[in-house]
Trainee: 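Please read through the structure below; I'll follow up with questions.
In what follows, chains are A, B, ... by sequence order, proteins preceding strands, each numbered from 1.
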Amino acid sequence: MSMDKKYDHKLQEPAIQKKWESADVFTGKIEADKKPFTIILPPPNASGKLHTGNVLMLAIEDVLIRWKKMQGYSTLWIPGTDHAGFETQLVFERSLKEQGKSRFDYDRDSLYKAIWDFVQKNKEIIEKQIKSMGPGLDWSRYTFTLDEKVINTVYNTFQKMISENLVYRDDYVVNYCPKCGTTFADLELRHVTRKDPLYYMKYGPFTLATTRPETKFGDTAVAVNPKDERYKDYIGKEIEVEGLNGNFKLTVIADDFVDPEFGTGVVKVTPAHDKNDYEAGKRHGLKIKQVIGLDGKMTELAGSYAGLSVQEARKKVVGDLQKKGLMVKIDESYEHTISVCYKGGHEIEPMVLPNWFVKVETLKKPALDAVLNKEVRVYPRWREVTYVRWMEEMRDWPISRQVVWGIRIPAWYNIDENSDLQVTFINKNKERATGKVSDLLKSYSYEEIESGLQSLVAAKDAKFVISRTKPGNRFLQETDTFDTWFSSGQWPLVTLGYPDSEDFRYFYPISVMETGWEIIRFWVSRMIMFGIYLTGKPPFKDIYLHGLVRAIDGKKMSKSLGNVIDPLDYIDEYGADALRMGLISGTANGRDFAFPKDKVIAYRNFANKLWNMARFMLMLMEDRKVEFYDEKNIKGLNETDKAILIELENTKKNVNESLEKYRFSEAADFIYQFMWHEVADKYIEHVKDREDKELALSVFRFVFVEGLKLLHPFMPFATETIWSNLPKNEGDRELLVSLEWPK
RNA sequence: GGGCGGUUAGCUCAGAUGGUUAGAGCGCUACAUUGACAUUGUAGAGGUCAUAGGUUCGACUCCUUUACCGCCCACCA
């Protein structure tokens with residue numbers, strides 16, 4: 001047996017990976033005599049690259065899986081990837097752009113298929129990268145978020161919710177980006193501070209301040225604060241306003257949302273184009289006048305301004321107001337925050353569109369209680385507040401998204417019963433046509449519309465049929481897709497084959513949900529809601545939330561800041577073990593932390609140290625007959641022997657206690673201290689001076705191997721490699737991961 | 001604007017239920033190459049625990065103030 005002077009991770013890691021694979025050690029098995037231990041991997045983006053957050057997640061979950069497996073549990077860790085709705089569509093569209101195309105050149109079905117192919121091509125990259133970390137995943141149960149079984153479950157759930165009256169359609173102010181031609185979730189917005197002119201204009205008897213004079217055509221009321229003495233007498237009255245398209249009348253309403261301190265204390269209310277105004281409009285029963293279209297241009301309702309872009313219209317309106325003497329003053333130094341889409345940075349236009357909603361009132365209560373009564377435990381504890389607050393405040397959930405890449409909502413509209421359906425499609429001449437379906441049917445056949453369909457907008461009271469397949473002739477399917485959280489919220493269920501499978505009965509509920517704390521609201525809360533709603537049981541017992549890995553500059557990594565660290569570089573340079581340990585030892589308590597490069601190097605050195613400890617041991621054992629340590633029959637131990645054995649006991653206790661509490665960093669530290677500073681620095685030096693080397697070596701080998709086991713969940717490659725070089729006792733298994741955990 | 005968290009050695013971080021000389025890794029200094037490892041060993045320097053106050057016999061640890069940093073959320077026209 002020959003071992004090089006240095007531990008070479010590049011040589012050893014792929015070899016060990018193959019060993020685990022061929023031994024099939026991580027395939028989950030249903031074993032009646034064992035307790036299950038289940039984890040589901042939060043699915044990384046299928047067409048993305050492995051990032052540092054993924055690595056941390058893999059490292060932590062692998063520690064849990066290997067630890068529990070060695071403890072004798074029947075473990076299962078299911079991998080998966082996420083279709084990552086809009087994110088992926090955007091990347092795909094970039095590649096289209098390079099070919100001089102855009103998604104508007106495709107009908108909906110063709111676009112979906114094209115993205116599907118695109119993702120399939122890229123999927124292998126992330127899978128390979130995940131594997132390079134050495135995680136004990138069961139790839140035979142691998143799930144993609146658009147797999148047939150996922151869609152089936154999601155459809156069933158939707159059907160159930162419809163039949164139980166938990167789903168309804170309503171208007172909703174969406175964050176619409178005219179440039180991208182799609183809506184964004186609140187999460188996908190960025191808020192930027194910007195200086196914009198604040199216009200003070202005459203408005204009937206008032207002067208009011210606004211940054212958006214061009215939306216005045218959509219005003220359907222004027223609002224003041226009910227406590228504002230200045231305008232008390234106007235409340236409830238109708239005022240006449242001189243406008244650019246002639247005079248018009250509006251009612252003055254009183255509402256608390258108006259800040260008397262801002263501007264003049266009078267606000268124009270534009271329910272169609274402002275979230276705030278929409279809410280106020282709902283409270284006061286105001287009309288909605290849409291003056292900006294989905295193309296970002298002024299609609300017919302803007303009169304002579306129709307067809308202008310928002311920017312052009314604003315300019316013209318300002319000029320015209322000045323000409324008419326309706327502009328009182330312009331404050332050029334006004335600073336405010338506006339919403340922009342997170343990718344393109346384009347300004348968001350709030351729009352009112354019909355959407356699908358889930359009533360959360362009955363769903364959220366049990367989900368909140370499950371955490372409050374400790375049925376589900378949150379680690380670290382202080383994160384619980386985030387969850388509790390969110391569940392208390394949670395409002396009805398809009399689940400429809402105007403994106404192609406996702407699970408299409410299985411609702412069908414009969415075109416004869418819904419003649420006002422707004423339809424956009426590509427006709428036979430490859431031209432886009434848009435309009436009311438009843439009008440379009442005059443020039444086009446139903447078949448032509450159907451095959452070229454891009455998108456449709458159904459009124460909120462439209463008649464629909466829920467069906468997995470086309471329910472009959474002359475039906476068009478909803479073009480919106482489900483919010484990705486609607487499907488990923490059922491992830492623990494779909495991956496385990498809910499509702500009826502051996503896996504589901506044995507492995508559900510899963511043991512630990514390990515994920516980043518920043519998605520506790522969007523993901524964790526939905527999983528608990530769906531889990532309880534569909535099975536009556538929370539989908540998991542424990543939640544461990546790891547912190548965010550920040551860049552060296554202490555900020556969140558992002559492409560625009562240019563501070564992203566590629567973990568693959570570290571795997572290449574220092575090894576997956578070193579990277580895993582480096583990240584874990586930085587992540588105590590689930591707090592955010594800066595990427596610990598120093599520690600990665602330190603643990604690369606540690607792997608080498610272990611390697612050389614083994615080499616030295618083997619060298620000393622070469623010409624000697626060393627018995628395997630036997631606690632019961634060993635005789636002649638001296639004080640140092642006893643001390644290291646006691647130290648081993650302490651370490652076992654400490655590592656186990658730390659792991660039970662999800663204190664990974666602490667556990668890693670204990671075993672590191674033991675191996676390096678107790679075994680190597682003290683005991684090995686002692687062995688060198690021993691007369692009775694055989695006895696000392698037997699103790700040395702014993703504590704070393706016990707240490708390797710304790711360390712294995714953290715540094716699986718190095719420990720497994722070293723184990724493969726050591727002589728085995730009778731009954732010892734070929735693989736370290738299959739050995740019994742030190743108790 | 002609201003919420004959460006952070007501020008401990010040059011750097012990155014640990015320090016349950018408050019109690020002798022505040023810890024680790026890296027870096028730094030000095031020595032060491034005499035059975036593995038220089039990705040090494042031994043020894044050492046280095047901290048008014050952000051700030052101001054309070055509770056206490058006693059606080060890095062509990063309470064309050066201020067400042068700065070980070071993240072999440074947010075409808076101020």
Trainee: How many whole angstroms separate atom OH of A/Tyr379 from atom C1' of B/rG5?
Mentor: 21 Å
Trainee: List the atom pairs, donor and acceptor, that lie under 3.5 Å between side-chain atoms in residues 696-707 of chain A and the rest of the protein, sequence neighbours left out.
Mentor:
residue, atom, partner, partner atom, Å
A/Arg701, NH2, A/Val626, O, 3.3
A/Arg701, NH2, A/Glu627, O, 3.3
A/Glu706, OE2, A/Lys709, NZ, 2.8

Trainee: Pick the P atom in B/rU61 and in B/rA9, then give their distance to the nearest Å.
Mentor: 15 Å
Trainee: Ignoring the backbone of A/Ala602, work out which of B/rC73, B/rG25, B/rG35 is nearest its side chain.
Mentor: B/rG25
Trainee: Side chain of A/Met613: nearest nucleotide among B/rA36, B/rU40, B/rC73?
Mentor: B/rA36
Trainee: Which is true for A/His677 with a 4.0 Å heavy-atom rule: it touches a base, it touches only sugar-phosphate, or it touches nothing?
Mentor: sugar-phosphate
Trainee: Hey, does the side chain of A/Trp517 reach the backbone of A/Tyr544 with a donor-acceptor pair shorter than 3.5 angstrom?
Mentor: no
Trainee: Looking at B/rC37, does its base get a donor-acceptor pair with the side chain of A/Lys609 below 3.5 Å?
Mentor: yes
Trainee: Quick check: does any side chain N or O of A/Asp681 sit under 3.5 Å from a backbone N or O of A/Val679, one acting as donor and the other as acceptor?
Mentor: no
Trainee: Is the A/Phe206-A/Tyr234 ring centre distance short of 6.0 angstrom?
Mentor: yes
Trainee: What pairs with A/Lys268 under side-chain contact (heavy atoms from CB on, under 4.5 Å), at least two apart in sequence or on another chain?
Mentor: A/Met201, A/Tyr203, A/Leu208, A/Thr210, A/Thr215, A/Lys216, A/Asp219, A/Thr270
Trainee: Nearest to the A/Lys275 side chain among B/rG15, B/rC75, B/rA24, which nucleotide is it?
Mentor: B/rC75
Trainee: Of the residues in residues 203-214 of chain A, which ones touch RNA chain B at a heavy-atom distance under 4.0 Å?
Mentor: A/Ala209, A/Thr210, A/Thr211
Trainee: Is A/Asn612 near enough to B/rU39 that one of its side-chain N or O atoms lies under 4.0 angstrom from OP1 or OP2?
Mentor: no
Trainee: Could you check whether any side-chain N or O of A/Arg526 sits under 3.5 Å from a backbone N or O of A/Phe522, counting only pairs where one atom can act as donor and the other as acceptor?
Mentor: yes
Trainee: OP1 or OP2 of B/rG3 sitting under 4.0 Å from any side-chain N/O of A/Arg383?
Mentor: no
Trainee: Using a cut-off of 4.0 Å on non-hydrogen atoms, how would the nucleic acid contact of A/Val267 be classed: base, sugar-phosphate, or nothing?
Mentor: base
Trainee: Looking only at atom P, what distance separates B/rA30 and B/rU66, rounded to whole Å?
Mentor: 48 Å
Trainee: When you measure from the side chain of A/Arg580 to the backbone of A/Pro713, do you find a donor-acceptor pair of N or O atoms at a distance under 3.5 Å?
Mentor: yes
Trainee: Determine the contact category for A/Asp277: base if any of its heavy atoms lies under 4.0 Å from a base atom, sugar-phosphate if only primed atoms, P, OP1 or OP2 are that close, otherwise nothing.
Mentor: nothing
Trainee: Tell me whether the side-chain N or O atoms of A/Asn276 pair up with the base of B/rC75 as donor and acceptor below 3.5 Å, since no angle test is needed here.
Mentor: yes
Trainee: Any side-chain to backbone donor/acceptor pair from A/Arg624 onto A/Leu620? Under 3.5 Å, distance only.
Mentor: yes
Trainee: Whether A/Glu657 and A/Lys653 form a salt bridge (side-chain N of Lys/Arg under 4.0 Å from carboxylate O of Asp/Glu) is what I want to check.
Mentor: yes
Trainee: Mind checking whether A/Tyr278 and A/Tyr172 have ring centres under 6.0 Å apart?
Mentor: no
Trainee: Would you say the base of B/rA16 and the side-chain of A/Glu666 have a donor-acceptor pair closer than 3.5 Å?
Mentor: no
Trainee: Is it true that the side chains of A/Trp397 and A/Asp483 contain a donor and an acceptor less than 3.5 Å apart?
Mentor: yes
Trainee: Using side-chain hydrogen bond (donor to acceptor under 3.5 Å, both in side chains) as the criterion, list what pairs up with A/Tyr200, not counting sequence neighbours.
Mentor: none
Trainee: If you check every side-chain atom of A/Asp681, which of B/rU39, B/rC13, B/rU42 has the closest atom?
Mentor: B/rU42
Trainee: Looking at A/Trp485, I'd like to know if the NZ or CZ of A/Arg521 sits under 6.0 Å from its six-membered ring centre while staying within 45 degrees of the ring's axis.
Mentor: no
Trainee: Just checking A/Ile684: base, sugar-phosphate only, or nothing, at a heavy-atom cut-off of under 4.0 Å?
Mentor: base
Trainee: Does B/rC4 have its OP1 or OP2 closer than 4.0 Å to a side-chain nitrogen or oxygen of A/Trp517?
Mentor: no
Trainee: In whole Å, measure the gap between the C1' atoms of B/rC72 and B/rA59 for me.
Mentor: 31 Å
Trainee: Provide the distance between the two C1' atoms, one in B/rU8 and one in B/rG15, to the nearest whole Å.
Mentor: 9 Å
Trainee: If pairs are Watson-Crick or G-U with both distances under 3.5 Å, what is the dot-bracket string of RNA chain B, marking crossing pairs with [ ] and pairs to another strand with |?
Mentor: (((((((..((((.....[...)))).(((((.......))))).....(.(((..]....))).))))))))....
Trainee: Can you check whether A/Tyr570 and A/Phe595 have ring centres sitting under 6.0 Å from each other?
Mentor: yes
Trainee: Base, sugar-phosphate, or nothing for A/Lys6, non-hydrogen atoms under 4.0 angstrom?
Mentor: base
Trainee: Of the candidate nucleotides B/rC11, B/rG35, B/rA77, which contains the atom at the shortest distance from the side chain of A/Arg624?
Mentor: B/rG35
Trainee: Mind running a 4.0 Å heavy-atom check of residues 692-701 of chain A against RNA chain B and sending the residues that fall below it, in number order?
Mentor: A/Lys693
Trainee: At 4.0 Å (heavy atoms only), tell me whether A/Ile520 reaches a base, stays on the sugar-phosphate, or touches nothing.
Mentor: nothing
Trainee: Using a heavy-atom cut-off of 4.0 Å across all strands, would you classify A/Arg615 as base, sugar-phosphate, or nothing?
Mentor: sugar-phosphate
Trainee: Using atom P in both nucleotides, what's the gap between B/rA67 and B/rC28 to the nearest angstrom?
Mentor: 39 Å
Trainee: So if I take every side-chain heavy atom of A/Asp598 and compare against B/rC71, B/rG35, B/rG25, which nucleotide ends up nearest?
Mentor: B/rG25
Trainee: Please measure how far the C1' atom in B/rU33 lies from the corresponding atom in B/rG46, and state the result in whole Å.
Mentor: 28 Å
Trainee: Starting from P on B/rC37, measure out to CG on A/Asp4 and report it in whole angstrom.
Mentor: 12 Å
Trainee: Grab the OH-P distance between A/Tyr200 and B/rA77 for me, whole Å please.
Mentor: 12 Å
Trainee: Between B/rG58 and B/rU21, how far apart are the P atoms? Round to whole Å, please.
Mentor: 16 Å
Trainee: Looking only at side-chain atoms of A/Gln673, point me to the closest of B/rC73, B/rA24, B/rG70.
Mentor: B/rA24
Trainee: What interatomic distance, in whole Å, is found between C1' of B/rA24 and the corresponding atom of B/rA14?
Mentor: 7 Å
